[in-house]
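Here is the structure we will look at, set down as structure tokens.
Only this structure's heavy atoms are used, side chains among them; waters, hydrogens and symmetry mates stay out. Chain letters run A, B, ... following the sequence lines, proteins first and then strands; every chain starts at 1. The shown structure was predicted, so the numbers you read here are calculated from the model rather than taken from an experiment.
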Amino acid sequence: MSFREKIHWVTLVTMIAAFGWYFLAYPWGIAASPAGLWASAGMLLPVTVAIIIAMTIASAWMAIRTPAEADLKEDERDRSIHYRGTHYAYYPLVVGVWVSIFALFWNAGPAVQLNLLLATVVLAELTRIGVQLYLYRRGWHG
Amino acid sequence: MARLPFSNDIRTLRFLAGEMTQAELGERVGVTRQTIAAIEQGKYSPSLEVAFRIARTFGKPLEQVFGWDEESG
């Protein structure tokens, strides 16, 4: 498994754990009130810090273990895989934006809108990373 | 998965070149070991530049490294 693939696995697991906790622990009962926004802010801070710390530690640990692989530049296959992953991530992004637009007309509170946008970004990121990991495992699309 | 319409003799050429490893070939060509493995297995179609670099590494013309597969092409 290449260094880049390992980093993708770490990102996938970290994002699922961090945002899984966020969406499960979020106090949905107050989402319609102004306090819902502050709850989001208060929870996003540890989520962001946790992701940064986990990614930094994992990247450093893997770079120390396999320095030669960590120094390798992204090659044409890596770039192709990244482009394909980003391409597929565009679809959930578009759907999420449209759902958020409709939510505006349904008088969804700001915290609900924020969480919708957040879920959209998380879903798009998970799609991007998931597709890239699938292509790395498969070799490429052929 | 769709099969690529061409095959290659990279594995044989590596063997003949003093059992060159995939990592060594990748280093010379400028791609990762995983990319060389994917090319060898017919899972990844390299760019023309990388194909030429591989051929030049073995001192062979392109058509002696990569061959068009008439059946799937």
Side-chain angles (χ1 to χ4, degrees), chain A residues 1-15 55-91 125-142, chain B residues 1-15 17-58 60-63 65-73:
Chain A
M1 195 186 292
S2 71
F3 178 78
R4 286 176 204 288
E5 191 180 337
K6 287 177 197 164
I7 291 289
H8 277 69
W9 277 113
V10 172
T11 310
L12 183 73
V13 171
T14 308
M15 282 198 70
M55 291 298 298
T56 306
I57 291 172
S59 304
W61 183 67
M62 285 188 285
I64 290 167
R65 282 192 68 194
T66 52
E69 283 214 8
D71 287 340
L72 282 177
K73 282 184 184 172
E74 191 179 61
D75 70 10
E76 60 176 40
R77 181 170 149 271
D78 292 319
R79 280 193 293 276
S80 302
I81 287 174
H82 288 183
Y83 294 151
R84 182 60 62 99
T86 307
H87 170 83
Y88 279 101
Y90 174 79
Y91 297 108
E125 271 297 283
L126 291 178
T127 303
R128 181 181 68 83
I129 299 162
V131 168
Q132 288 171 354
L133 279 171
Y134 171 72
L135 292 173
Y136 270 122
R137 287 284 85 204
R138 192 169 152 180
W140 173 235
H141 59 86
Chain B
M1 181 167 64
R3 194 162 161 253
L4 293 177
F6 53 86
S7 56
N8 68 77
D9 289 323
I10 296 173
R11 193 168 183 177
T12 308
L13 291 165
R14 279 197 301 111
F15 177 78
E19 298 191 18
M20 183 191 290
T21 64
Q22 291 176 336
E24 284 169 350
L25 178 59
E27 198 175 324
R28 290 196 197 185
V29 171
V31 298
T32 61
R33 178 185 64 76
Q34 288 79 11
T35 295
I36 295 293
I39 294 169
E40 271 190 19
Q41 292 164 21
K43 290 179 177 176
Y44 174 67
S45 166
S47 67
L48 199 55
E49 182 186 340
V50 167
F52 268 110
R53 285 183 188 278
I54 291 170
R56 282 173 65 90
T57 301
F58 295 122
K60 302 277 184 191
L62 198 62
E63 60 269 27
V65 181
F66 296 94
W68 186 257
D69 189 345
E70 289 296 341
E71 283 180 17
S72 58

Review point. Roughly how far apart are Asp75(A) CG and Ile36(B) CD1, rounded to 0.5 Å?
Key: 8.5 Å

Review point. Do Gln34(B) and Ser2(A) have side-chain atoms, one donor and one acceptor, less than 3.5 Å apart?
Key: no

Check your understanding: Crowded around Glu27(B) CD? As in, over 12 foreign heavy atoms under 6.0 Å?
Key -> no

Review point. Looking at Glu76(A) and Pro46(B), what are the two nearest heavy atoms and their distance?
Key: OE2-CA, 3.4 Å

